[in-house]
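As the structure is a computational prediction, the values presented were derived from the model and not from experiment.
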Amino acid sequence: MAPRPVSAATYYLLKVKGKAKIPDYIQVRDAQFTLIGYFRPGRGARHSERAAGADAFNQQIEALAAPLAYGLVTRVELAGTPDLSSEPA
């Protein structure tokens, strides 16, 4: 599944607590609440590793999500976000 384009700098983060063999992960959703990425803390995001600036974006998201409580949706505003819709050449 290809990542969807990011049209705004408003994102929603959801930190999900895993159980047993299922790990914790963080969902990143856009302003329309469409899932644009998810990742395990410390592992990097899926679908966005090839986009320009994605590493910095992932680090920002992980830093913002670290203090969040599990199960709560949190709205964040980020400037200078990468285009996650770009395909590798």
_Rounded at 0.5 Å granularity, tell me how far OH in Tyr11 sits from CD in Gln60._
9.5 Å
*Using a distance-only test with no angle check, is there a side-chain donor-acceptor pair under 3.5 angstrom linking Asp24 and Tyr70?*
yes
*Do Arg75 and Thr10 have side chains that get closer than 4.5 Å, going by heavy atoms?*
yes
*Worked verdict on Tyr38 versus Leu14 for side chain to side chain contact (heavy atoms under 4.5 Å, CB included)*: CA-CA 9 Å; Tyr38 62 96; Leu14 174 62; over 6 Å; no
*Is any side-chain heavy atom of Asp30 less than 4.5 Å from a side-chain heavy atom of Tyr12?*
no
*Can you check whether Leu68's main-chain N or O pairs, donor with acceptor, with Lys15's side chain at less than 3.5 Å?*
yes
*Straight-line distance of Gln27 CD to Leu35 CG, nearest 0.5 Å*: 5.5 Å
*asked:* Are the side chains of Ile26 and Val16 in contact, using a 4.5 Å heavy-atom criterion?
replied: no
_Could you check whether any side-chain heavy atom of Leu64 comes within less than 4.5 Å of a side-chain heavy atom of Leu13, counting everything from C-beta outward?_
yes
*Would you say Lys17's side chain and Gly71's backbone share a donor-acceptor pair under 3.5 angstrom?*
no
_More than 12 heavy atoms from other groups under 6.0 Å of OH on Tyr25_ = no
*Return yes when atom CG of Leu72 has more than 12 non-hydrogen atoms of other residues, nucleotides or ligands closer than 6.0 Å, and no otherwise.*
yes
*asked:* I need the Phe39 CZ to Glu62 CD distance, nearest 0.5 Å.
replied: 5.0 Å
